[in-house]
Amino acid sequence: MPHMGPHGIKGAIMKDAPMKKFTSMGVGGEAAFLCCPANEADLTRMVSWLRKKRLPLRFLGNGTNVIVAEGGLGMGVVRLTAMHGFRARRTSSGALVEAGGGASLKSVIGKCAVRGLSGLESLFGIPGTIGGALKMNAGSFGASISDCLVSVRVMNEAGKTARVGRREIEFGYRTSSFSDGECILKGTFALREADPGIIRAEMERVWKERLAKHPMDMPSAGSIFKNRNGEPCWRSIDRAGMRGFRIGNAAVSEKHPNFIVNLGGASAFEVKRLIETVKQRVAEATGVALEEEVELWGFHG
Ligand SMILES: Cc1cc2nc3c(=O)[nH]c(=O)nc-3n(C[C@H](O)[C@H](O)[C@H](O)COP(=O)(O)OP(=O)(O)OC[C@H]3O[C@@H](n4cnc5c(N)ncnc54)[C@H](O)[C@@H]3O)c2cc1C
């Protein structure tokens, strides 16, 4: 393979990377470059290499909240999943847990459970990374990732790294104040000591509830739209008669109407058209203006 990218890097750089392989919806075209840094030094080199090429760039975790357009992305995508360090430092009441921005929530919560550290287990089953979850302020079953956050280590757009305290970050419902040019390198969480059996039981409870309610066996990007004022938007979608509605191989899930599922070989065009159609029909039938929770990358108009 010809040498690509800056010298001395450990991670991989892929040219014309098929984004359907790196996003859970499984649709979309190619990214000009997909860079997978193995560590912080790699990240710095890859980011400045992409900037020298004058390519815009975006950071990616597990790609479970992103839908990429059919035409692909004329940009560099930096995928953080290899940066998954974990460290727990005991405190009087529990521990300070540091987790890499690319670590999956699943692995972090699993490691905390083994150590009897409680606080994140209600998020078990969200298929994202620490970085993606912090950017989205991911949450479930009444808890959000920001609840037990102490600080974040961030690399800003100028390539400088800094520790940012919880109070300096604004979190809202599935939003945070991190900019698209900032890279979340690490999150530190204050967790409480608890019985590992009780933590495991909560993980099992939330997992079972997910299996019962969500179409976990089909490719999707999770909830497509944001709930409004605590009102679940699947009700409006249902009221508009859109449950099971299909465009090509993209369908509104029969099981949970706020999920769009890829029935196999769906295109990004179909997914996008289905999103637009649901919004239009819901507005007509209920007057509710749905707003996307998922991020649409590379779509124009
Ligand atoms: C089956 C299923 C169930 C889901 N259930 C839930 C749920 O219950 N609750 C919920 O909140 N979400 C849920 N989601 C959505 C999704 O899993 C979350 O939003 C998750 O936090 C996204 O993490 P990710 O690593 O996949 O991020 P990505 O999709 O890769 O990226 C999402 C955003 O974060 C940014 N980002 C990612 N990593 C970094 C980083 N290191 N630094 C800076 N920015 C970064 C990206 O640029 C993008 O803006 C679900 C998704 C699926 C497919």
Side-chain angles (χ1 to χ4, degrees), residues 19 22-26 28 31 34-37 40 43 47 56-68 73 75-85 99-109 120 122-147 152-157 161 164 169 171-187 206-207 209-211 213-227 232 253 255-256 258-262 292-298:
M19 290 307 293
F22 300 99
T23 50
S24 57
M25 185 58 101
L34 181 77
C35 299
C36 306
E40 235 176 275
L43 172 70
V47 166
L57 65 91
R58 287 297 303 259
F59 298 103
L60 187 75
N62 278 341
T64 61
N65 203 51
V66 171
I67 299 173
V68 174
L73 305 167
M75 61 168 80
V77 174
V78 181
R79 186 172 186 250
L80 276 297
T81 49
M83 292 176 58
H84 49 56
S104 71
L105 278 174
K106 186 180 181 199
S107 75
V108 171
I109 295 167
L120 292 171
S122 301
L123 310 184
F124 188 68
I126 299 178
T129 59
I130 291 289
L134 285 167
K135 174 81 190 262
M136 301 306 303
N137 193 19
S140 53
F141 302 100
S144 308
I145 183 98
S146 52
D147 293 350
V152 174
R153 190 170 146 80
V154 186
M155 188 179 80
N156 70 14
E157 296 180 28
T161 55
V164 185
I169 310 163
F171 288 105
Y173 170 62
R174 303 296 170 262
T175 62
S176 71
S177 51
F178 296 110
S179 76
D180 290 347
E182 281 178 302
C183 182
I184 297 163
L185 303 171
K186 198 190 275 182
V206 297
W207 179 248
E209 212 161 309
R210 268 179 195 282
L211 282 181
K213 286 188 181 159
H214 297 165
M216 302 293 280
D217 53 344
M218 281 187 213
S220 80
S223 296
I224 295 287
F225 303 105
K226 290 183 181 179
N227 293 329
S253 165
K255 198 167 182 182
H256 194 303
N258 196 20
F259 279 60
I260 285 180
V261 291
N262 182 346
E292 285 89 346
E293 177 177 324
V294 287
E295 290 186 14
L296 298 164
W297 287 12

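Every number for a ligand or one of its atoms is a count from 1 in the order of the listing. Each residue takes its place number in the sequence, starting with 1. Just so it is clear, the structure is predicted and the values come from calculations on it, not from any experiment.
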Need the list: ligand 1 N/O atoms against protein N/O atoms, distance under 3.5 Å, rounded to one decimal.
unit_1, atom_1, unit_2, atom_2, d
ligand 1, 5 (N), Arg210, NH1, 3.3
ligand 1, 8 (O), Arg210, NH1, 3.3
ligand 1, 8 (O), Arg210, NH2, 2.9
ligand 1, 9 (N), Gly139, O, 2.7
ligand 1, 11 (O), Gly139, N, 3.0
ligand 1, 11 (O), Gly139, O, 3.4
ligand 1, 11 (O), Arg174, NE, 3.2
ligand 1, 17 (O), Thr64, OG1, 2.7
ligand 1, 21 (O), Ala133, N, 3.3
ligand 1, 25 (O), Asn62, N, 3.0
ligand 1, 25 (O), Thr129, N, 2.8
ligand 1, 25 (O), Thr129, OG1, 2.6
ligand 1, 26 (O), Asn62, N, 3.4
ligand 1, 26 (O), Gly63, N, 3.2
ligand 1, 26 (O), Thr64, N, 2.9
ligand 1, 26 (O), Thr64, OG1, 2.6
ligand 1, 29 (O), Thr64, N, 3.1
ligand 1, 29 (O), Asn65, N, 2.8
ligand 1, 30 (O), Gly61, N, 2.7
ligand 1, 30 (O), Gly63, N, 2.8
ligand 1, 38 (N), Gly132, N, 3.4
ligand 1, 41 (N), Ile184, O, 3.1
ligand 1, 42 (N), Ile184, N, 2.8
ligand 1, 47 (O), Phe59, O, 2.5
ligand 1, 49 (O), Arg58, NH2, 3.1
ligand 1, 49 (O), Glu295, OE1, 2.8
ligand 1, 49 (O), Glu295, OE2, 2.7

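Scored by the salt bridge (charged side-chain N to carboxylate O under 4.0 Å, His left out) test, Arg58 finds Asp180, Glu295 as partners (sequence neighbours excluded). In this view, Phe171 satisfies the ring-ring contact (aromatic ring centres under 6.0 Å, His included) rule with no residue, not counting sequence neighbours. Residues meeting the salt bridge (charged side-chain N to carboxylate O under 4.0 Å, His left out) test with Glu209, sequence neighbours left out: Arg205, Lys213.
Once rounded to the nearest 0.5 Å, the distance linking CD1 of Ile184 with CE of Met83 reads 12.0 Å. Atom CE of Met25 and atom CZ of Phe259 lie 10.0 Å apart (nearest 0.5 Å).
The side chain to side chain contact (heavy atoms under 4.5 Å, CB included) test with Cys183 singles out one residue from Val154, Leu80, Leu57, and that residue is Leu80.
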